[in-house]
Amino acid sequence: MFKWFLHFFSTATLVVSQICFFKILPFLKYFDFILFFIIYLSVKKRKTAIPAAIIGGYLLDIYSSYPFGLHIFALATAAFAADYIYFNILTGRRFFPIITLFMFETILYHGALLFAISGLAFLKLSPKIKVISGDTLKNMGLELIYTAVIGSLIYLIYFFINKKMSSRLLIRRYGP
Amino acid sequence: MKLIFRGKTIALTTAVFVLLVFLHSIKILDAPEKFFIDAVAPIQKKLYNAGRTAGLFIQNIFSEKNANEADLLRAEVRSLTLQNAQLKLLTEENNLLKKELGFSRQYNYELIAARVIGYDSLENSDLLIMRIENKKYKNSDIAVDMPIVAADGVLIGKIAEIKEGEFFMRPVTSPQNAVAATVLNKNYTLGVIEGEFNFGIKMTMIPQSEKLKQGDLVTSSGLEPKMPKGLLIGAISKIENDPQNPFNIAHITPFYDAKNLSDVLIIKNY
């Protein structure tokens with residue numbers, strides 16, 4: 001129960017931080033922390049992954065100028081895809097496949113958003129806008145690069161801390 | 001390895017998604033959403049200010065001094081000094097005319113204080129999320145396309161969308177924004193300015209016969225509804241003059257970057 005609350009609270013905190021803090025900073029604005037967290041929950045087999053994706057998407061939709069539902073759709077799609085790819089396609093669970101997964105998920109997330117926006121414009125439920133432009137593609141490229149770099153750093157830090165904590169736990173339980 | 005998300009989960013997620021969209025469309029979720037927005041707003045203000053400070057600090061580390069920028073600034077100062085002198089003369093003449101006609105009218109804007117609290121969560125969107133600071137006013141008192149100015153009256157954007165508890169500003173530098181403008185040159189050239197992707201503004205379709213120069217000031221022309229005349233926008237930084245083309249393009253540097261502002265004003269009535 002506590003883990004559920006912790007994951008939902010973390011999702012809400014990341015949403016608020018993303019739109020008010022990270023989006024203003026020159027480098028971190030190209031890294032999607034919420035997507036990264038949802039993918040992390042999915043690959044760690046946490047049952048909170050989909051509920052967290054729905055809550056994160058819901059909060060992002062509250063702070064979005066576009067029709068409601070886009071981010072819920074995109075984040076839930078990314079969570080399902082991450083689970084399927086990690087457990088069915090990736091043969092290795094090491095550094096490079098994980099980073100490739102994150103980069104692919106970023107493209108999938110943006111693709112789902114663009115698909116939803118285009119669909120709503122086609123159904124005349126939202127104004128028609130130019131969804132793909134030079135700037136959009138440039139930003140996507142930058143986001144992929146920063147996802148690879150920052151994702152790698154986070155993965156390495158997490159791996160290092162996990163290793164240290166595991167060895168200390170073993171020492172405490174079974175002695176030196 | 002088994003999938004943790006099976007068909008049942010997908011069906012349940014789809015059902016929850018459809019239910020949320022339906023409840024949102026019939027406005028049942030408006031009250032809890034507004035409660036959340038109001039509860040989180042103070043934290044957002046602090047986070048946004050911290051982000052602005054950090055962003056400016058990082059920008060200052062990486063920006064380089066440009067000699068051309070200094071030249072532009074000198075040209076602007078010269079132009080502004082000249083403008084100031086001319087305006088003073090005009091003001092004197094105007095006061096005299098008013099006195100003679102027995103006519104006095106003051107332009108008072110009804111202003112609503114607002115604050116920027118974040119960025120639109122949609123990727124590649126340049127809209128800013130804002131909240132009304134003045135408790136006397138609510139979101140029902142504002143309307144789309146109302147101009148938003150900085151404290152000194154410089155136009156920085158327009159209201160693009162209004163939601164429960166918040167609204168969105170589209171900066172003048174947004175490619176989807178267009179403002180009817182006047183260049184304060186000899187002919188008071190009229191045109192429409194649009195944002196550019198590099199956070200600049202451009203005025204297109206300027207006939208070759210119109211004489212513009214670097215440093216000329218650009219203001220709103222007042223030819224569109226809800227937009228008063230005379231709101232400063234920026235100064236001309238570059239003119240693209242192609243003899244093969246019947247029209248010129250003027251690139252304008254805005255006086256303010258909306259990303260660096262926190263407290264702004266909405267012009268409700270003028």
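In what follows, every chain begins at residue 1, and chains take the letters A, B, ... in the order their sequences are listed.
Contacts of B/Y119 with chain A are made by both backbone and side-chain atoms, with heavy-atom separations under 4.5 Å. With a 4.5 angstrom heavy-atom cutoff, A/I54 touches chain B only via side-chain atoms. Residue B/V16 touches chain A through its side chain alone, counting heavy-atom pairs closer than 4.5 Å. For A/D32, the part lying under 4.5 angstrom from a heavy atom of chain B is the side chain only. With a 4.5 Å cut-off on non-hydrogen atoms, A/L70 touches chain B through its side chain but not through its backbone. Both the backbone and the side chain of B/L29 come within contact range of chain A, with heavy atoms under 4.5 Å apart. Of the atoms belonging to B/L20, heavy atoms from both backbone and side chain fall under 4.5 Å from chain A. In this structure, chain A has no heavy atom under 4.5 Å from any part of B/L12. Of the two parts of A/I34, neither the backbone nor the side chain holds a non-hydrogen atom closer than 4.5 Å to a non-hydrogen atom of chain B. Only the side chain of A/Y58 comes within contact range of chain B, judged by heavy atoms closer than 4.5 Å.
Aromatic ring pairs are classed by plane angle as parallel below 30°, tilted from 30° to 60° and perpendicular above 60°; the pair A/F2 and A/F5 is tilted.
Your options are A/I62, A/I72, A/N139, and the one with the most heavy-atom pairs under 4.5 Å with chain B is A/I62. Per-residue counts of heavy-atom pairs under 4.5 Å with chain A were compared for B/T14, B/V116, B/I129; the largest is that of B/I129.
By the ring-ring contact (aromatic ring centres under 6.0 Å, His included) test, A/F102 pairs with A/F36, sequence neighbours left out.
At least one side-chain heavy atom of B/V264 sits less than 4.5 Å from a side-chain heavy atom of B/M130. Under the 4.5 Å side-chain criterion, counting only non-hydrogen atoms from C-beta, B/I132 is in contact with B/F167.
Interface with chain B: from residues 11-20 of chain A, residues A/V16, A/S17, A/I19, A/C20 qualify, criterion being any non-hydrogen pair under 4.5 Å. Contacts between residues 39-49 of chain B and chain A, defined by a heavy-atom separation under 4.5 Å, are made by B/V40, B/Q44, B/L47, B/Y48. Within residues 142-150 of chain A, the residues having any heavy atom less than 4.5 Å from a heavy atom of chain B are, in residue-number order, A/E143.
Less than 6.0 angstrom separates the ring centroid of A/Y40 from the ring centroid of A/Y158.
Atom OG of B/S121 sits about 6.5 Å away from atom CG of A/D61, to the nearest 0.5 Å.
B/N134 contributes no side-chain N or O that, together with a main-chain N or O of B/I112, makes up a donor-acceptor pair within less than 3.5 Å. Of the possible donor and acceptor atoms, none in the side chain of B/E194 sits under 3.5 Å from a partner among the backbone N and O of B/I201.
A donor-acceptor contact closer than 3.5 angstrom links the side chains of B/D126 and B/S174.
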